[in-house]
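Report on the following structure.
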Amino acid sequence: MANWVAYIEKIASRYNGKTSINASDLVGNTYHTSIYSQIDIFEIINEPDMFQEYKDGVISTIDYLNCLKVAYNTIKKVRPEAKIMLGGL
């Protein structure tokens, strides 16, 4: 779960509308951009009933609820104004 928290923190922090980001093109050249991307609504695992990255492509209701709860708390800690929605079932 520590990797999940780190990932969620990074996404919520990065797409806050205030941080300029470094980007890479298709051949690996890195450049700085002043595009300020913002995500206001975070969907946690789109279609969790078809979650291919999980064991056997199926995530249990309890495991999804735990991921959702951790993601909600993590996002709210970083971005209190953000909205969180559950993935479609």
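- Shown here for Ser13 and Val78, the closest heavy-atom pair between the two residues is OG-CG1, 3.3 Å.
- A pairwise comparison of heavy atoms in Glu9 and Lys77 identifies OE2-NZ, 3.1 Å as the closest pair.
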* **Residues Ile84, Glu43; criterion side-chain contact (heavy atoms from CB on, under 4.5 Å); working and verdict** => CA-CA 6 Å; Ile84 292 83; Glu43 179 180 15; over 6 Å; no
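- Residues Ile41 and Ile39 approach most closely at O-CG2, 3.3 Å, considering heavy atoms.
- At distances below 3.5 Å, at least one donor-acceptor pair connects side-chain atoms of Trp4 with backbone N or O atoms of Cys67.
- Of all non-hydrogen atoms in Asn66 and Met1, the two that sit nearest each other are CB-CE, 4.3 Å.
- Between the side chain of Arg79 and the main chain of Thr74, no donor-acceptor pair closer than 3.5 Å is present.
- Note that CG of Leu68 and CE of Met85 are 11.0 Å apart. Values are rounded to the nearest 0.5 Å.
- One hydrophobic cluster, built from ILVMFWY side chains closer than 4.5 Å, cannot hold both Leu65 and Val70; they sit in different ones.
- For Ala82 against Phe42, the heavy-atom pair with the smallest separation is CB-CE1, 3.7 Å.
- Put simply, NZ on Lys83 and NZ on Lys76 are 6.0 Å apart, with the number rounded to the nearest 0.5 Å.
- Remark: side-chain polar atoms of Tyr64 are paired, donor with acceptor, to backbone N or O of Ile44 under 3.5 angstrom.
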